[in-house]
> 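There's a structure below that I have some questions on.
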There are 2 protein chains.
Amino acid sequence: MTDISRYPRPAVAVDLVIFTIQDADLRLLLIERDRPPFKGRWTLPGGFVRVGQGEDQGEDLEVAAARELAEETGLPRGSVYLEQLGAFGKAGRDPRLRVISVAWFALVKPELAPFVRAGGDASGAAWFSAAALDPDALAFDHAEILRAALARVRRELHRGPIAFELVPEAFSIAELRAVFEVILGERLDPGNFRRRVLRMIDDGVLEQAPGKRITASKPARVYRFVREPAGGA
Amino acid sequence: MTDISRYPRPAVAVDLVIFTIQDADLRLLLIERDRPPFKGRWTLPGGFVRVGQGEDQGEDLEVAAARELAEETGLPRGSVYLEQLGAFGKAGRDPRLRVISVAWFALVKPELAPFVRAGGDASGAAWFSAAALDPDALAFDHAEILRAALARVRRELHRGPIAFELVPEAFSIAELRAVFEVILGERLDPGNFRRRVLRMIDDGVLEQAPGKRITASKPARVYRFVREPAGGA
DNA sequence: ATAATAGTGTCTATTAGACAATATCCT
DNA sequence: AGGATATTGTCTAATAGACACTATTAT
């Protein structure tokens with residue numbers, strides 16, 4: 001307890017569970033490892049937190065997460081929702097050395113997803129269907145992290161802004177419902193779901209947006225978040 | 001990206017927000033710092049994660065939290081509820097060196113609280129009323145951690161096991177209601193609250209316990225969690 | 001007897017959910 | 001015209017909340 005700078009320290013990393021919606025499917029971005037350990041296996045994108053020397057203490061934890069997010073996706077900072085999941089720090093989770101990872105989940109709006117450099121590139125990054133993927137195929141303890149992320153997203157879907165971060169600026173009720181359905185993994189009644197959304201309009205959370213969404217049949221109205229608070233009461 | 005063991009690393013600590021209920025009041029355990037920085041100020045109990053050398057990677061993150069909890073309270077492991085809050089890692093949060101802290105909250109059952117070595121001891125530990133305490137009086141960024149802990153406990157009070165961890169094994173409905181009231185900071189209707197609890201009996205979550213709770217007037221029935229699942233359906 | 005708290009009853013409003021029916025637009 | 005989806009309507013059950021009332025015990 002005397003000289004705290006003398007004790008051995010763990011490396012600290014940030015790992016990201018980056019979700020998006022594509023083809024009415026919940027997907028996440030994975031990276032193929034090109035070196036041992038777990039060479040050839042898929043992992044969550046991530047990296048080490050930059051820690052300075054002496055006076056400079058380095059970057060904030062959240063800045064590290066945002067930096068990795070920008071590096072891995074190529075998307076501008078602030079354009080993607082980012083929230084901390086928690087710290088994962090079992091001994092031995094990285095066989096090389098002691099690493100404590102702070103995990104985050106990110107939500108990429110579907111219209112941005114095509115700009116993410118993933119796919120045929122040499123980047124080694126690709127989108128995977130969350131439903132089809134076996135978490136245990138991931139390297140390190142990333143299965144545990146992924147499961148926690150899915151549980152968290154499902155749990156907060158009803159209360160928080162999660163669904164709205166996975167839908168375009170202006171969205172139809174059916175599009176929002178599709179996000180709910182694919183995350184929860186169950187069909188929702190269109191009529192009942194519509195009522196829930198309409199109630200948010202009464203509450204001043206949403207408003208009608210200009211334009212309509214062309215579908216296979218009758219076009220649907222589109223909605224968006226209200227920008228300025230309605231200044232009620 | 002080549003030799004990951006070469007980069008500077010942060011120190012990693014665990015900090016604890018240890019709650020209990022005493023005198024119908026939500027309290028938390030604080031420690032008075034006996035050295036700079038922040039000498040004489042109060043802080044959340046905590047300590048550094050033990051990281052080994054070479055083969056030995058040291059203790060799990062959760063083990064570190066449980067160890068600190070046992071050390072600071074003197075209570076046996078496993079007797080106190082412990083849950084992770086998240087990682088706090090702003091640069092400069094500890095002026096001495098870069099420290100990333102993983103915060104946890106703990107819930108001490110009221111009948112155990114008297115055994116915690118706090119009070120007149122030389123330990124420098126004491127219980128503080130959560131309502132009366134000004135979080136900004138705490139050292140480091142512990143105000144932020146405390147606020148997050150309070151928000152989390154309030155948010156999960158309705159859904160999770162939190163309230164039941166702050167009440168004796170066998171508890172009256174009024175005692176459980178008092179926990180809700182002191183955490184939420186508002187009065188709850190006794191009749192309506194009772195119905196909520198009774199519904200949990202229908203659901204097989206609670207059952208009547210032997211004995212009664214003596215009050216200033218009419219004694220109250222006491223309840224407890226069911227041990228064996230009711231094996232229904 | 002009285003105070004105090006346990007416990008019950010009742011009424012209203014809100015919400016979720018199942019499900020049917022109608023409206024509107026594309027092809 | 002026919003198919004598909006948006007949109008509306010209706011009914012039931014569950015729940016929260018306000019509030020009045022009764023029952024039981026300590027003093």
Side-chain angles (χ1 to χ4, degrees), chain A residues 21 23-24 154-160 162-163 167-168 170-224 232, chain B residues 21 23-24 154-160 163 167-168 170-224 232-233:
Chain A
I21 301 278
D23 304 330
R154 289 194 184 112
R155 191 156 42 84
E156 293 189 4
L157 185 61
H158 296 282
R159 318 201 130 266
I162 287 181
V167 110
F171 54 88
S172 71
I173 293 181
E175 286 168 341
L176 189 64
R177 178 164 50 86
V179 171
F180 272 73
E181 289 180 338
V182 76
I183 290 180
L184 297 178
E186 58 182 333
R187 310 296 287 156
L188 298 176
D189 182 273
N192 295 333
F193 186 85
R194 152 169 276 266
R195 247 187 300 276
R196 274 168 60 178
V197 176
L198 294 186
R199 212 171 308 140
M200 303 180 73
I201 299 179
D202 290 343
D203 298 346
V205 180
L206 298 180
E207 67 184 359
Q208 208 172 315
K212 296 217 168 196
R213 180 72 75 245
I214 304 304
T215 72
S217 65
K218 177 179 175 182
R221 253 182 291 223
V222 291
Y223 302 86
R224 68 179 170 211
Chain B
I21 300 277
D23 304 329
R154 288 192 185 114
R155 190 155 43 82
E156 292 190 3
L157 184 61
H158 296 282
R159 317 201 130 266
V167 109
F171 54 88
S172 70
I173 292 181
E175 286 168 342
L176 189 64
R177 177 163 51 86
V179 171
F180 272 75
E181 289 180 338
V182 78
I183 290 180
L184 296 177
E186 59 182 334
R187 308 298 285 160
L188 298 177
D189 182 274
N192 295 334
F193 186 85
R194 152 170 277 265
R195 246 187 301 277
R196 274 168 59 178
V197 175
L198 293 187
R199 220 172 346 224
M200 303 180 73
I201 299 178
D202 290 344
D203 298 347
V205 180
L206 298 181
E207 65 183 2
Q208 208 172 316
K212 297 216 166 196
R213 181 70 76 247
I214 304 304
T215 74
S217 65
K218 177 179 175 181
R221 255 182 290 226
V222 291
Y223 302 87
R224 68 179 170 211

> Please pick, from C:dT8, D:dT7, C:dT5, the nucleotide with the shortest atom-to-atom distance to any side-chain atom of B:Thr215.
C:dT5

> Between A:Asp203 (side chain) and A:Val205 (backbone), is there a donor-acceptor pair under 3.5 Å?
no

> Can a side chain N or O of A:Arg195 be found less than 4.0 Å away from OP1 or OP2 on C:dA16?
no

> Where the side chain of B:Leu198 is concerned, which of C:dC26, C:dT8, C:dA23 is the nearest nucleotide?
C:dT8

> Taking the minimum atom-to-atom distance to the side chain of A:Ala220, which one of D:dC19, C:dT5, D:dT7 wins?
D:dT7

> Less than 4.0 angstrom between a side-chain N/O of A:Arg177 and OP1 or OP2 of D:dA6, yes or no?
yes

> Measure from NZ on B:Lys218 to C1' on C:dT2 and round the result to the nearest Å.
17 Å

> What is the distance, rounded to the nearest whole Å, between atom CG of A:Asn192 and atom P of D:dT10?
15 Å

> How close or far is atom C1' of C:dT5 from atom CD of B:Glu181, stated in whole angstroms?
13 Å

> Any side-chain N or O of A:Arg199 under 4.0 Å from OP1/OP2 of C:dA16?
yes

> Could you check if a side-chain atom of A:Ile173 sits within less than 4.5 angstrom of a side-chain atom of A:Leu198, using non-hydrogen atoms only?
yes

> What integer distance in Å separates A:Lys212:NZ from D:dT7:P?
7 Å

> Using atom types as modelled and distance alone, determine if a side-chain donor or acceptor of B:Arg213 lies under 3.5 Å from a backbone N or O of B:Pro219.
no

> Side-chain N or O of B:Arg221 less than 4.0 angstrom from OP1 or OP2 on C:dG7?
yes

> Which part of the nucleic acid, if any, lies within contact of A:Arg196, taking any heavy atom under 4.0 Å across all strands shown: a base, the sugar-phosphate backbone alone, or nothing?
sugar-phosphate

> On DNA chain D, check which nucleotide each of A:Pro219 and B:Ala216 is closest to and give me the residue with the more 5' one.
A:Pro219

> So, does B:Glu181 use its side chain to make a donor-acceptor pair with the main chain of B:Leu188 at under 3.5 Å?
yes

> Between B:Phe171 and B:Tyr223, what is the ring plane arrangement, given parallel below 30°, perpendicular above 60°, and tilted in between?
tilted

> How many Å lie between CZ on B:Arg187 and P on D:dG17, as a whole number?
16 Å

> Over how many whole Å does the gap from A:Arg194 atom CZ to D:dT8 atom C1' extend?
8 Å

> For A:Leu188 and C:dT15, give me the distance from atom CG to atom C1', rounded to whole Å.
15 Å

> Once you round it to whole Å, what is the distance between C1' of D:dG9 and CZ of A:Phe193?
19 Å

> Counting heavy atoms from C-beta on, name the nucleotide in D:dT8, C:dC19, C:dG7 closest to the side chain of A:Asp189.
C:dC19

> Heavy-atom nearest nucleotide on DNA chain C for B:Ile173 versus A:Ile214: which residue maps closer to 5'?
B:Ile173

